[in-house]
Amino acid sequence: MTRIVLRNVEKHYGNVPVLRDCNLEIKNGEFIVLVGPSGSGKTTLLRIIAGLEHITAGDLYFDDTLVNDVDVGDRDIAMVFQNYGLYPHMTVYENMAFGLKRRKMPKDEIDRRVRRASEMLNIAPYLARRPRQLSGGQRQRVALGRAIVRDPKVFLLDEPLSNLDAHLRVQMRTEILKVHRAVAATAVYVTHDQVEALTMGDRIVVMADGRIHQVGTPDELYDNPDNKFVASFIGTPAMGFFDCPVASAEAKPSAGRVRLTEAQRTLLHRNCKAKVTVGIRPERLSLTNKEDDTADILLHGTVEAVEMLGSEQYVHFVVDGGALTARVPREQQVRAGDSVTFRADAKHLYLFDPESSVTLR
Amino acid sequence: MSTATKISRPRLAPGSIVRWTAIAFALFWSLAPIYWMLSTSLKTELEATRLHPTLWPEAPTFANYIGLTGTSLPFVAFFFNTVLSCLLTAVVCVVIATPAAYALSRARFRLAGTVGYTILAFRMLPMVVVLAPLYLLLLNARLLDTGTGLVVGFTTFGLPFAVWMMKSFVDAVPIEVEEAARVDGYPRWQILLRVVVPLIMPGILTTGTFVFMEAWNNLIYPLTFITTMEKQTLPAALVLTFTGQFKTDWGGMMAAATITTLPLMIAFFAVQRSMVRGLTSGAVAGA
């Protein structure tokens, strides 16, 4: 187990910056997920931790040792690649034993470890096969097995489930967590899928444009996003936003009504902006009628589209030029083009600075 | 409308008639000389030089083949000279080209492209252009009229091609596989030997065979660098032996030519499958 610390890490390809001023501390034995859209730099960050990419500036520590210039083979890490990276000319057994042989481990110890890992991952019957004779899910297990037999200090996973079908992905999620608990290594997991991030991570690192936007537990990120990007990236369907003029410390949407809490009014007063960006999660909105007096928030809009998902439906509508989504039980009849009114509680509103997109605090 | 009528008629389309004619012509073009070589080698001297040539020998005979062993000329030695020098050339080229191709394919240095194209440019030189400087080099290195000198000569021409061909095979090896080996703790040269080389084996065989065949077909180098008849290669010996000022022994020449061609054909058929796989590339990737 190892604590990983990144201090002001930068990475440039020529003049193109791919990572900017990344600071992060990964705790001993933690399962941390790097999540972000493609091009956010999450894979580059993982490869820097692995030692497959050089750091342009900044420092990387494993525990208290500076490892900037330590070769990948000497870092005692194991990695699972997106395309598995199995050795095609070796059997499953040889694939798993290859790294152990390098460490001059006795043959019976290698055998013991390979068999234990293959049983844990249900690939024992395939030890004599070559990767091309296996299904995608089985190959993924072999890649996992190859990583765990090494008993590494750090376990790195680069979008390991992205090549699997949806059903298998859900199954492998729990399997990977099970493996992590069994090996008790510090794990860094890269994904672009925020559902994967929320379900798997002890903590999540949200990245975009080569920067770390926020680090926190799934609850923290969901409840207290630092900025509009994190707010929109975490949660499905995504949080909706609209810009709204502010008058005497109160948001005034053109189509509806907002009655903020005392704390929120203080916030607006303190920040003293002419406009504010309001965010609402789809699950916090419910259909009501135009004359609803009890609601803190009333929003009138026109339905753009309705997505039917079986048990519920997503209603997309527009308020003050901003797109909002509401999660509505399927019993309620809503069609595209309908005029609708939604209500919400003031405490469920998120307020952002419209220029910097940062959460008002 | 017109496309619909075309589709509904499963006749021999004009396009495929042209195609089959072209294939038949190409087959005839390449197989006819081989047939002529074989049939002439089985003819008597009289029949071979007849004014109206026969398509198939009237009285097939192996006399020409037997005659090869009976002459004062050491055909067996010619044969082994050729096999040895070509095989050595192929091995030397592949052994040097593999790490070179690996470096060109994987290393990210500023002059990678320039180095690659410079190597390729050597291949563009006509063989005759390098003949004189190579002759002088071999002369000074005291390698003229030796098998080693011949291998050096063949290698100068085979190597640039081998590097480029091998590079395309290395390019096809997925980088993750190598990175996995790095994570497993292996140094570069071990990754090359234990991961990359097994994966590009079809490519190595293909490249080696090409280099071998090219060296085998090379006439100008042995004729220039080798002066002792006993050290000569088979193709060069053929030219030197069977064409005289006043007489050409067609039957004997064709018998010797058949023996010269045979190892090439065997070599080709032996690696044919991996060669086709190699040429269509991508075969090594994924898996």
Side-chain angles (χ1 to χ4, degrees), chain A residues 13-14 43 46-47 49-54 70-91 94-105 129-134 136 139 142-144 146-147 149-150 152-160 163, chain B residues 94 98 101-103 105-114 166 168-208 271 273-274 277-278 280-287:
Chain A
Y13 288 122
T43 295
L46 186 83
R47 291 171 60 85
I49 296 174
L52 292 169
E53 301 277 354
H54 280 291
V70 176
D71 190 66
V72 48
D74 300 324
R75 291 195 185 187
D76 198 11
I77 53 144
M79 188 155 168
V80 178
F81 294 86
Q82 185 172 1
N83 300 320
Y84 319 128
L86 297 176
Y87 310 119
H89 57 300
M90 297 183 199
T91 62
E94 288 163 342
N95 260 284
M96 292 205 272
F98 195 58
L100 302 179
K101 277 187 194 153
R102 172 71 189 155
R103 282 165 178 74
K104 306 259 183 320
M105 196 174 274
R129 291 202 195 168
R130 283 182 206 284
R132 75 169 69 89
Q133 297 165 299
L134 301 177
R139 285 180 206 184
V142 177
L144 271 175
R146 185 173 63 179
V149 287
R150 291 258 317 278
K153 285 198 287 191
V154 178
F155 204 34
L156 305 173
L157 303 103
D158 183 11
E159 307 214 21
N163 285 348
Chain B
V94 161
T98 306
Y102 181 66
S105 170
R106 297 299 198 219
R108 276 180 281 173
F109 55 99
R110 198 168 295 169
L111 291 174
T114 318
M166 296 281 286
S168 67
F169 287 104
V170 180
D171 285 344
V173 175
I175 191 79
E176 289 90 355
V177 178
E178 277 183 56
E179 286 178 344
R182 282 178 68 195
V183 169
D184 270 341
Y186 286 89
R188 278 277 181 197
W189 63 273
Q190 283 224 34
I191 294 176
L192 174 62
L193 287 182
R194 310 183 95 183
V195 177
V196 178
V197 166
L199 289 179
I200 58 167
M201 218 30 166
I204 290 177
L205 282 179
T206 310
T207 310
V271 297
R273 271 183 64 187
S274 64
R277 262 212 310 175
T280 50
S281 113
V284 268

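Below, chain A is the first sequence line, B the second, and so on; all start at residue 1.
A/Tyr87 is not listed as a side-chain neighbour of B/Arg194, based on a closest heavy-atom distance of 4.5 Å or more. No side-chain heavy atom of B/Glu179 sits less than 4.5 Å from a side-chain heavy atom of A/Met79.
The heavy-atom pair separating A/Phe98 from B/Tyr186 by the smallest distance is O-OH, 2.6 Å. The nearest pair of heavy atoms linking B/Glu176 to A/Gly85 is CB-CA, 3.9 Å. Closest non-hydrogen pair, A/Arg146 versus B/Ala180, comes out as NH2-CB, 3.4 Å. A pairwise comparison of heavy atoms in A/Arg103 and B/Val183 identifies NH2-O, 4.4 Å as the closest pair.
Of the two parts of A/Arg75, neither the backbone nor the side chain holds a non-hydrogen atom closer than 4.5 Å to a non-hydrogen atom of chain B. Of the two parts of B/Gln190, only the side chain, counted from C-beta on, holds a non-hydrogen atom closer than 4.5 Å to a non-hydrogen atom of chain A.
Remark: B/Asp184 engages A/Arg150 in a salt bridge, criterion side-chain N to carboxylate O under 4.0 Å.
Summarising the geometry, atom CG belonging to A/Leu52 is positioned 11.0 Å from atom CD belonging to B/Glu178; distances are rounded to the nearest 0.5 Å. Rounding to the nearest 0.5 Å gives a distance of 11.0 Å between CE of B/Met201 and NE2 of A/His89.
Contact count versus chain B (heavy atoms, under 4.5 Å) is highest, among A/Asp74, A/Asp158, A/Asn83, for A/Asn83. Your options are A/Arg47, A/Lys101, A/Gln133, A/Arg130, and the one with the most heavy-atom pairs under 4.5 Å with chain B is A/Arg47.
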